[in-house]
There are 2 protein chains.
Amino acid sequence: MYSYKQLFDFTEQVFLSMGCPAKDAKLASEVLLEADLRGVDSHGVARLSGYVRLWEAGRINVKPKVRVVHETPSTATVDGDGGLGLVVAPQAMLIAIEKATKVGTGWVSVKNSNHFGIAGIHAMEALNHDMIGMAMTNASPLVAPTFSTDRMLGTNPIAVAVPTKNQPAFVADFATASAANGKLEILQRKEKKAPAGWIQTKEGQRSTNANELKDGGALLPLGSDKTHGSHKGYALASIVDIFSAVLSGANYGPWVPPFVSFLSPPENPVGEGIGHFLGAMRIDAFRPADDFKEHMDNWIETFRKANVVKGQKNVVIPGDPEREMTEKRLKKGIPLLSPVERDLKSLAKKFKLKFN
Amino acid sequence: MYSYKQLFDFTEQVFLSMGCPAKDAKLASEVLLEADLRGVDSHGVARLSGYVRLWEAGRINVKPKVRVVHETPSTATVDGDGGLGLVVAPQAMLIAIEKATKVGTGWVSVKNSNHFGIAGIHAMEALNHDMIGMAMTNASPLVAPTFSTDRMLGTNPIAVAVPTKNQPAFVADFATASAANGKLEILQRKEKKAPAGWIQTKEGQRSTNANELKDGGALLPLGSDKTHGSHKGYALASIVDIFSAVLSGANYGPWVPPFVSFLSPPENPVGEGIGHFLGAMRIDAFRPADDFKEHMDNWIETFRKANVVKGQKNVVIPGDPEREMTEKRLKKGIPLLSPVERDLKSLAKKFKLKFN
């Protein structure tokens with residue numbers, strides 16, 4: 001078990017060692033560690049060495065000049081200057097919030113960025129301003145559209161955070177694939193089979209082999225197959241791709257550069273880096289904030305106390321499991337798998353840092 | 001087979017007979033008939049008698065004064081005054097487009113409305129203005145959240161329309177349930193079983209009985225079960241509900257009034273009527289419109305020519321099947337099932353109209 005502070009301090013030191021300015025190193029560490037707190041272990045410190053390798057490959061600019069390249073009162077297009085998405089996305093979100101403060105809503109499409117951690121944390125920033133927050137990002141292609149054998153889309157997540165009064169905030173944050181890649185990675189480590197409906201072989205046949213992606217297979221869109229609505233998951237992932245990258249001028253579809261440094265970005269890119277889309281809507285741009293929040297509390301209470309299938313405790317409100325996990329891990333610490341521990345130890349050695 | 005003009009003229013006469021002003025009768029007919037053209041037969045003239053029955057029950061105001069009750073430069077909340085959603089939603093969409101023209105984007109939440117036909121047609125209005133259009137609506141509760149036995153959410157559709165240059169527009173329009181109720185109705189008529197993963201019994205067990213809803217069962221969210229991501233479909237339907245109704249002050253969750261006149265609206269409503277959410281984003285609020293459209297063409301061409309699973313023709317671009325159906329039905333006519341024909345004939349009798 002590691003304390004939040006312990007992992008935070010180490011992560012900050014790593015980003016500082018890469019040459020990030022102090023403010024950026026702190027921000028990037030805060031964003032990254034939220035994944036570990038919220039229980040999305042695949043997106044937290046487990047990825048730290050990945051960011052370092054991308055930086056070593058010259059694919060991350062540690063001193064980006066993030067700037068607005070196009071704007072209207074309610075929109076902006078942001079050039080992330082090749083920076084860490086962990087740093088670029090929060091700045092873009094603040095621009096969205098600033099615009100929403102002035103004209104009711106703010107919408108920012110970002111190009112030339114990198115992986116931004118978990119989508120939820122960016123959407124949640126809006127909660128501090130009595131706003132609904134939205135965050136989405138495209139990602140390197142792992143998902144095959146309905147009927148296709150090609151990996152054309154990332155697991156392209158969508159997050160929406162909604163303010164409340166006395167209830168905890170509603171925070172939805174989900175990949176538009178039937179299962180995120182992180183879940184497959186867990187099965188791979190445990191040498192277990194995957195449920196049918198998550199992946200297909202390179203010929204497009206159903207597979208339960210958790211390692212199928214290494215043999216040219218693909219993840220399936222939310223819905224799994226046409227009969228169960230995979231064309232809807234494919235449409236959702238496409239919308240995320242278009243808003244994040246076609247609007248901003250980032251790479252889209254099969255051109256999105258891979259997160260892993262051992263794979264080169266595709267030749268003849270159609271844009272710059274990866275893309276995000278961030279939005280903020282002021283609650284009181286629609287109705288008095290207090291009215292809205294009271295009804296949101298009622299919404300949440302009503303759903304939470306709905307009748308459940310035998311054996312289940314209650315209907316889960318989006319954001320509940322992650323909030324409970326955060327409380328637990330702040331108190332009891334964050335567990336790391338041994339490969340992650342090894343990774344962090346080798347980073348410590350590389351940068352001459354301490355990691356216990 | 002019926003010609004578009006034949007069905008349009010009849011529908012317009014019915015709305016006029018109900019007392020709709022000429023302009024509204026025309027608009028409502030245009031919107032309703034789009035469903036028949038696009039092949040969404042459950043949402044077109046098949047519903048005409050349903051609207052009439054709601055009007056007879058005093059639940060539709062045929063002369064609504066649609067008005068903005070709250071606004072900022074990029075947002076508005078619209079009171080539909082109990083009007084037909086077919087008339088209220090297009091007016092709300094025009095407000096969104098007007099705001100987008102001025103400040104880049106426009107977002108309108110609507111309360112006190114009724115069923116608005118297919119979501120896609122409202123989103124598509126934005127295409128005429130070089131804008132991305134979005135439309136969603138809540139609907140009477142038929143879907144159980146993950147783990148629940150209660151119907152808490154409608155099939156709450158989401159539509160997104162994206163402009164292009166030479167390619168046909170990208171138009172996604174889908175229910176956030178694993179299958180829309182219209183598909184079940186078709187199986188009921190044919191006395192066929194439903195695929196596993198669409199519905200559950202009133203105890204929350206999987207069912208293939210297409211009539212299960214009559215026995216207290218429920219539709220399942222997109223994803224079908226927790227393993228395949230039904231919590232994502234439940235989150236999506238919730239987001240639609242919150243944007244459409246908690247933002248506007250309409251009824252949400254289990255309080256959404258039923259479309260069928262033989263079921264009374266729930267007692268102690270939490271808002272007014274049903275709710276919609278409409279949005280428009282000017283393409284050139286993010287980048288020059290021509291740049292965007294060229295890349296959208298490239299996006300579509302790339303996806304359409306992706307490799308396919310053996311036996312499939314090509315990857316389907318959202319909107320393709322509906323556009324092809326529209327071309328076909330404008331040329332060859334619109335087929336109606338005999339119960340729908342009977343329905344229209346009885347409407348003709350009721351209003352002393354001709355229907356051949």
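Protein chains get the first letters and strands the later ones, always in sequence-line order, with residue 1 at the start of each.
- For B/Phe292, the parts sitting under 4.5 Å from any heavy atom of chain A are the backbone and the side chain alike.
- B/His70 and A/Phe286 have their aromatic ring centers separated by at least 6.0 angstrom.
- Of the two parts of B/Ala285, the backbone and the side chain both hold a non-hydrogen atom closer than 4.5 Å to a non-hydrogen atom of chain A.
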Margin query: Would A/His228 and B/Trp198 count as a side-chain contact (heavy atoms from CB on, under 4.5 Å) here? Give the steps.
Written below: CA-CA 7 Å; A/His228 297 89; B/Trp198 286 16; 4.1 Å; yes

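- With respect to chain A, the highest number of heavy-atom pairs below 4.5 Å among B/Leu153, B/Asp173, B/Ile158, B/Asp291 belongs to B/Leu153.
- Contact of B/Ala177 with chain A is made through the backbone alone, with heavy-atom distances under 4.5 Å.
- Between chain B and the options A/Asn298, A/Ile317, A/Val108, heavy-atom pairs under 4.5 Å are most frequent for A/Asn298.
- Legend: residues meeting side chain to side chain donor-acceptor pair (under 3.5 Å) with B/Ser224, ordered by chain and number and at least two apart, are absent.
- Note that the NZ atom of A/Lys232 and the OG atom of B/Ser178 stand 6.5 Å from one another [nearest 0.5 Å].
- For B/Ala196, the part lying under 4.5 angstrom from a heavy atom of chain A is the backbone only.
- With chain A as the partner, the residue from B/Leu236, B/Thr146, B/Thr176, B/Val69 showing the most heavy-atom pairs under 4.5 Å is B/Leu236.
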Notebook entry, point to check: Should B/Val270 and A/His295 be marked as a side-chain contact (heavy atoms from CB on, under 4.5 Å) after you check the CA-CA gap, both sets of side-chain angles, and the distance that decides it?
Noted result: CA-CA 8 Å; B/Val270 292; A/His295 281 286; 4.3 Å; yes

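- For an aromatic pair to be called close, the ring centres must be under 6.0 Å apart, and A/Trp255 with B/Trp299 fails this.
- No other option in B/Thr149, B/Ile283, B/Asn314 has as many heavy-atom pairs under 4.5 Å with chain A as B/Thr149.
- Ranked by heavy-atom pairs under 4.5 Å with chain B, the first of A/Gly229, A/Gly104, A/Gly204, A/Ala76 is A/Gly104.
- Counting heavy atoms from C-beta on, the side chains of B/Arg282 and A/Thr75 never come closer than 4.5 Å.
- Atoms CG and NZ, from A/Asn307 and B/Lys202 in turn, are 12.5 Å apart once rounded to the nearest 0.5 Å.
- Interface remark: of the candidates B/Leu220, B/Ile132, B/Leu222, B/Leu222 forms the most heavy-atom pairs closer than 4.5 Å to chain A.
- Side-chain contact between A/Leu247 and B/Arg287: absent, with no pair of heavy atoms (C-beta onward) separated by less than 4.5 Å.
- The residue among A/Gly106, A/Gly233, A/Ser230, A/Ala175 with the most heavy atom pairs within less than 4.5 Å of chain B is A/Ala175.
- In this structure, A/Ala306 and B/Met152 approach most closely via the heavy-atom pair CB-CE, 3.9 Å.
- For the options B/Thr77, B/Val308, B/Val316, B/Val246, heavy-atom pairs under 4.5 Å to chain A are most numerous at B/Val246.
- Using cut-offs of 30° and 60° for the angle between ring planes, the A/Tyr234 and B/Phe303 rings count as parallel.
- In this model, a donor atom of one side chain and an acceptor atom of the other lie less than 3.5 Å apart for B/Ser74 and A/Thr105.
- For the pair B/Thr302/A/Pro254, a side-chain contact is recorded, criterion being any heavy-atom separation below 4.5 Å from C-beta on.
- With respect to chain A, the highest number of heavy-atom pairs below 4.5 Å among B/Met281, B/Glu203, B/Glu71 belongs to B/Met281.
- Residues B/His231 and A/Phe174 place their aromatic rings such that the two centres sit no closer than 6.0 Å.
- Chain B forms more heavy-atom pairs under 4.5 Å with one residue of A/Gly271, A/Ser109, A/Ser238 than with any other, namely A/Ser238.
- Between B/Val103 and A/Thr72 there is no side-chain heavy-atom pair separated by less than 4.5 Å.
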